[in-house]
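Right, one structure below, let's go through it.
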There are 2 protein chains.
Amino acid sequence: MPANKVPDIVVGRLPLYLRALSQMAGEGKEITSSQELGGQLGISSAQIRKDLSQFGEFGKQGTGYNINFLFDQLKRILKIERVWDVVLIGAGDLGSAVANYGGFLDRGFRIAAIYDNDPEKVGQPVGQFLIRSTRNLIDEIRTQQIKIAMLAVPASEAQQVSEKLVEAGIEAIMCYAPTSLFVPDNVRVEYIDPLLHLQHMTYYLPE
Amino acid sequence: MPANKVPDIVVGRLPLYLRALSQMAGEGKEITSSQELGGQLGISSAQIRKDLSQFGEFGKQGTGYNINFLFDQLKRILKIERVWDVVLIGAGDLGSAVANYGGFLDRGFRIAAIYDNDPEKVGQPVGQFLIRSTRNLIDEIRTQQIKIAMLAVPASEAQQVSEKLVEAGIEAIMCYAPTSLFVPDNVRVEYIDPLLHLQHMTYYLPE
DNA sequence: TAGATTGTTAATCGATTAACAATC
DNA sequence: TAGATTGTTAATCGATTAACAATC
């Protein structure tokens, strides 16, 4: 269905649409329009229609979009009708918070295991998990055919850990460490660094 | 110095440059080039030179950039030569992890207080803080003239809390809640939602 | 000096928006 | 039907890149 090659920036907006649709569905709404959806997200209605048109025709002229239908379609397009297993590397404060966060399953992801290289932590419980040693990480990930990892280790260790992950067959990495990773072309990395956002905003503050 | 109006997308890359420069400085390097910096970040050298040229001339032909000098200049441009006080709202798992994270001070931010509306939590310690009641939140923030807030409350409460923050004089909000906020034009919001990134990546995974 | 790299201009590329025929 | 909203095309806008004179 991806007509030819959909711009990455468009793909990146689909989860946002999904989130807004989910919120609307939760409020019991059944129909929405590109205008309403755009208003919700601060995006023009034209852009939403154009984005969606990359993947097919999901609306009805004069009416708009059926929320549940569009929701299901976007889930299919993003490949999250199914639930993906994810491994979490790093059981520090951040890793523990991530492990305890309950919101993943709802949105298509299940934490399958949490790893740490600190012998004192290995075997300890975090949320519903027991922290595993990184010793057998490669084998274990490969055996379970897990493709997604979340990296919550110090910046200084991130690169080396990412290389292990790639060796284990991981193809998508959510990197919480404030550093850039070098990985092969077939592996995608997304970064989360709140400091980057804070520093971006201070530019606009007075004084 | 911002010649006229610098594109927001350019401003957004400056913290990335800052981070890479900081890493280089940590390795004892003194000089870098747009090419090296770009290689580090996966950005073209032309773009880096163009971005920097929006703010002045920081390099030397034939030589490149003095790392410490450029670092200081970028901090000045982003207004983080000084340390900004930040309030943190929400003392759940995520809020606590944020409160315990030590990396803020290094990069220009100090958590001044942490708030929660749960009476059971108020008064309890988190990291080096005692959780404060949201009852006097508006007055306290206004008195201290704090301009930046991090929002780690459930999505369902985020909008209403953000309205209080705006009333308190907050002008920049880092929103961890998976929802869009409606705030006045003079208030900036940046969002962090790891699920959005995960859902973006699954699009590219096979199967 | 010769080699290297900046800052900047012009060209290219891509993304957003405006507008409207189609149609529910 | 009349009103509304889609899907899509063409126009606009903005961002990235290529190229090179200036110069350290």
### Atom-pair distance (CG on Leu52(A); C1' on dT16(C)), nearest Å
15 Å
Below 3.5 Å is the cut-off: list the nitrogen or oxygen pairs between protein and nucleotides 17-20 of chain D, distance only.
| unit_1 | atom_1 | unit_2 | atom_2 | d |
| --- | --- | --- | --- | --- |
| dT17(D) | OP2 | Ser44(B) | OG | 3.0 |
| dA19(D) | N6 | Arg49(B) | NH2 | 3.2 |

### Message
Would you say Tyr115(A) and Glu140(A) are linked by a side-chain donor-acceptor pair, where the criterion is simply a distance under 3.5 Å?
### Response
yes
### Query
What distance do Asn117(B) atom CG and Arg135(B) atom CZ have between them, rounded to the nearest 0.5 Å?
12.0 Å
### Query
Are side-chain N/O atoms of Gln23(A) and Thr179(B) paired as donor and acceptor at under 3.5 Å?
yes
## Note on the structure
Among dT16(C), dT8(C), dT6(C), the one nearest any side-chain atom of Gln61(B) is dT6(C)
### Message
Under a 3.5 Å cutoff, is there a donor and acceptor pairing between the side chains of Glu163(B) and Gln159(B)?
### Response
yes
### Task
Compute whether any side-chain donor of one residue and acceptor of the other, for Tyr176(B) and Asp193(B), lie under 3.5 angstrom apart.
no
### Task
On DNA chain C, check which nucleotide each of Thr63(B) and Ser53(B) is closest to and give me the residue with the more 5' one.
Thr63(B)
### Message
Between P on dC24(D) and CG on Asn66(B), what's the gap in Å once rounded to a whole number?
### Response
16 Å
### Lys121(A) side chain to Ile131(A) backbone, donor-acceptor under 3.5 Å
no
## Note on the structure
Rounded to whole Å, CD1 of Ile67(B) lies from P of dT5(C) at a distance of 14 Å
### Query
In Å, rounded to the nearest 0.5 Å, how long is the span from OG of Ser33(A) to CZ of Arg49(A)?
9.0 Å
#### Entry: Protein-nucleotide distance (Phe58(B), atom CZ; dT8(C), atom C1'), rounded to Å
15 Å
### Message
Rounded to whole Å, how long is the line connecting atom NZ of Lys60(A) with atom C1' of dC24(C)?
### Response
8 Å
### Query
How close or far is atom P of dC13(C) from atom CD1 of Ile9(A), stated in whole angstroms?
18 Å
### Intra- and interstrand pairs of DNA chain C - dot-bracket, Watson-Crick/G-U under 3.5 Å, | marks other strand
..||||||||||||||||||||||
#### Entry: N-O pairing of Arg13(A) and Asp8(A) below 4.0 Å
no
## Note on the structure
Of Ile173(A), Ile89(A), Ile111(A), the one forming a side-chain contact (heavy atoms from CB on, under 4.5 Å) with Met150(A) is Ile111(A)
### Task
For dC24(D), take OP1 and OP2 only and decide whether either is under 4.0 Å from a side-chain N or O of Tyr65(B).
no
### Message
For DNA chain C, which residues of residues 20-40 of chain B approach it to below 4.0 angstrom with any heavy atom?
### Response
Ser33(B), Ser34(B)
### Message
Evaluate Phe109(A) against Gln199(B) for side-chain contact (heavy atoms from CB on, under 4.5 Å), listing each step before the verdict.
### Response
CA-CA 9 Å; Phe109(A) 301 90; Gln199(B) 294 177 339; 3.8 Å; yes
### Task
Check the distance between dG7(D)'s P and Phe55(A)'s CZ and give it to me in whole angstrom.
13 Å
### Task
Quickly work out the Lys5(A) NZ to dC13(C) C1' distance and round it to whole Å.
15 Å
### Task
Working to the nearest 0.5 Å, report the span between CD1 of Ile138(B) and CZ of Arg142(B).
6.5 Å
